[in-house]
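Taking it in order: structure first as structure tokens, then the write-up.
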Amino acid sequence: PTNIALSYNGNTDTTYTIIMVAANGCGRDTGYQQIRVLPKNIDAFFNTSLTQGCAPLTVDFTSFANATLSSFDFGDGTGSSLDTVSHTFFQPGTYDVVHIVSNGCSRDTDTVTIFVYAPASLGISPRQLVVCPGEPINFRDTTGIGASLGYIWSFGNGDSSTANSP
């Protein structure tokens, strides 16, 4: 057997047809074999339908890489080997989603950050439960979220406030 090295410097898949002819005093035979040569470079490229929203947040991921192997790591302990997949992030947080691609000759990754926000929650209480007519009533925010909220208090008598604990 003779080893022959093929030279390839392209950026796309290329298929070569190898022809071998064997001949001797008893006859001749021809064999054909196709060999696919993959480029050494591959680019991980994908799109998302959303990059932020409120929990539970469902995001569609679509790979556009010309890869033989493709997977997603969603950053929440789960993943997928599908080129197009929907994934739901149930917990608020920041998730780095990694797209991993390979063509057998090269590997690449790309990352996008998904921001999942907690739904708004309400927690208010008056500071005093019994008041006399004409005495002021003080309220407080009991959500524990504090300054990340915007406040609009409406007291039912035409008065309002934007303070966090009026």
To the nearest 0.5 Å, how far apart are [atom1] in [X] and [atom2] in [Y]?
{"X": "T109", "Y": "I42", "atom1": "OG1", "atom2": "CD1", "value": "11.5 Å"}
{"X": "I35", "Y": "T14", "atom1": "CD1", "atom2": "OG1", "value": "12.5 Å"}
{"X": "M20", "Y": "D29", "atom1": "CE", "atom2": "CG", "value": "9.0 Å"}
{"X": "D110", "Y": "I100", "atom1": "CG", "atom2": "CD1", "value": "11.0 Å"}

In one Ile/Leu/Val/Met/Phe/Trp/Tyr side-chain cluster, 4.5 Å: [X], [Y]:
{"X": "F45", "Y": "V98", "value": "no"}
{"X": "V116", "Y": "F72", "value": "yes"}
{"X": "V101", "Y": "V85", "value": "no"}
{"X": "V21", "Y": "Y32", "value": "yes"}
{"X": "V112", "Y": "L50", "value": "yes"}

- Message: I'd like to know if the side chain of D96 pairs up with that of T111 as donor and acceptor (distance under 3.5 Å, no hydrogens or angles considered).
- Response: no
- Identify the two heavy atoms, one from G75 and one from Y95, that lie closest to each other, and give their separation to 0.1 Å. O-CD2, 3.6 Å
- Query: Side chain of T68, backbone of S102: donor and acceptor closer than 3.5 Å?
  - Reply: yes
- Task: Compare all side-chain heavy atoms of Q91 with those of D76 and state whether any distance is below 4.5 angstrom.
- Result: no
- Is there a side-chain contact between F89 and V97 (heavy atoms, below 4.5 Å)? yes
Pairs under 3.5 angstrom only: tabulate donor-acceptor contacts from the side chains of residues 56-65 to other protein residues two or more places apart or in another chain.
unit_1: T58; atom_1: OG1; unit_2: T88; atom_2: OG1; d: 2.7
unit_1: D60; atom_1: OD1; unit_2: S86; atom_2: OG; d: 2.3
unit_1: S63; atom_1: OG; unit_2: A65; atom_2: N; d: 3.3
unit_1: S63; atom_1: OG; unit_2: H99; atom_2: NE2; d: 3.0

- N66 vs N103, side chain to side chain contact (heavy atoms under 4.5 Å, CB included): CA-CA, chis, key distance, verdict: CA-CA 8 Å; N66 185 17; N103 66 2; over 6 Å; no
